[in-house]
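Below is one structure, written out as structure tokens, with a few remarks after it.
Note that this is a predicted model, so its numbers are computed, not measured.
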Amino acid sequence: QPELGKPMRNCYSLPGLDFTYGMYMHKRDGGVAEAIGHWDSVKAKPHRRVMPRDFVTMGRRAVDEGCTKAREFALYYNYMDIRCKDKDVLRYGGKIPPDMTFGRPSRPPTPIFDILQHRYKELWMERQRARTVVQHSPVKKKVGILPAGEVRENRASFLRAHPLPVKEESFWHPQRFEKVRAPQTHPVTKVSFSEPLQA
């Protein structure tokens with residue numbers, strides 16, 4: 001019940017000064033000294049990473065052994081369990097190889113003497129000249145073997161490169177207007193009545 005003559009409180013009263021917040025451990029609770037002197041150290045267990053199966057290597061070796069059917073491949077996979085190699089050597093306490101180099105190797109220095117004498121330009125010009133000579137040199141065509149990128153020539157490609165001459169088109173006209181030769185007739189002997197007949 002609320003106190004007489006006072007409004008009703010909407011909160012709880014705090015405990016006394018002898019109250020301890022949190023959980024009290026009866027076994028050992030020596031405060032900060034106990035916490036600093038006795039750490040609950042847990043030794044790290046070696047974590048073994050399970051790598052996936054290397055089907056590329058297993059398939060290659062199965063073919064070398066003479067496997068051809070799916071059942072033979074499945075039996076070989078069950079018998080020879082080859083796993084992928086863990087390339088991450090620094091994970092889970094892995095040892096560093098003695099010849100391992102961290103980072104990227106630096107580029108070899110460019111000699112300033114070659115730059116001043118335009119040595120790189122001369123080398124580039126020599127390569128361009130050599131490539132031009134190779135491009136302009138005649139290439140002997142091998143019989144029956146086509147170079148890469150070429151297609152065997154057929155009649156369609158030949159006619160495309162060498163089209164036939166265009167035939168002059170004559171206009172059509174009815175047959176009755178064509179020029180027809182006159183029929184050959186027998187020679188006619190002219191008879192003159194004023195001259196006597198010769199036997």
Side-chain angles (χ1 to χ4, degrees), residues 22-23 25 27-163:
M23 185 182 294
M25 300 181 67
K27 293 183 180 179
R28 52 172 190 169
D29 189 10
V32 178
E34 183 75 16
I36 292 177
H38 301 81
W39 292 104
D40 291 333
S41 60
V42 180
K43 294 182 179 180
K45 297 180 180 179
H47 179 75
R48 187 177 179 183
R49 186 181 179 191
V50 180
M51 299 298 296
R53 302 180 77 183
D54 191 0
F55 286 98
V56 176
T57 306
M58 287 193 294
R60 190 186 304 115
R61 292 187 182 180
V63 171
D64 294 340
E65 292 293 332
C67 299
T68 54
K69 298 180 181 179
R71 177 172 174 77
E72 296 174 355
F73 275 93
L75 291 175
Y76 187 86
Y77 290 163
N78 292 334
Y79 179 70
M80 297 291 292
D81 190 11
I82 302 175
R83 299 286 176 170
C84 296
K85 295 181 179 179
D86 192 1
K87 296 180 180 179
D88 196 356
V89 295
L90 298 181
R91 291 182 63 182
Y92 309 115
K95 294 183 179 180
I96 303 173
D99 57 345
M100 183 171 182
T101 304
F102 290 92
R104 189 174 180 180
S106 59
R107 187 178 63 86
T110 305
I112 194 67
F113 188 72
D114 292 343
I115 295 176
L116 294 176
Q117 287 193 340
H118 302 285
R119 177 67 179 160
Y120 296 102
K121 186 189 82 171
E122 297 296 332
L123 292 174
W124 183 80
M125 292 294 291
E126 289 178 7
R127 286 198 298 266
Q128 295 300 318
R129 290 192 199 99
R131 194 168 75 175
T132 307
V133 170
V134 170
Q135 287 178 354
H136 290 294
S137 61
V139 181
K140 294 181 180 179
K141 293 185 178 180
K142 296 181 181 180
V143 179
I145 300 176
L146 292 175
E150 291 192 11
V151 184
R152 192 177 299 278
E153 190 173 4
N154 52 18
R155 180 173 173 78
S157 61
F158 179 79
L159 291 176
R160 196 179 297 114
H162 309 282

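- Put simply, CD on Gln117 and CD on Glu122 are 10.0 Å apart, with the number rounded to the nearest 0.5 Å.
- Residue pairs that meet the ring-ring contact (aromatic ring centres under 6.0 Å, His included) test with at least one member in residues 50-78, sequence neighbours left out, are Phe55-Tyr77.
- Between the CZ atom in Arg160 and the CG atom in Asn154 there is a gap of 7.5 Å [rounded to 0.5 Å].
- Within a 6.0 Å sphere centred on CZ of Arg119, other residues, nucleotides and ligands contribute 12 heavy atoms or fewer.
- Put simply, OG1 on Thr132 and CD on Gln128 are 6.5 Å apart, with the number rounded to the nearest 0.5 Å.
- Between Asn78 atom CG and Met58 atom CE the span is 9.0 Å, to the nearest 0.5 Å.
- Counting heavy-atom neighbours within 6.0 Å of Arg53 CZ, excluding the residue itself, gives a total above 12.
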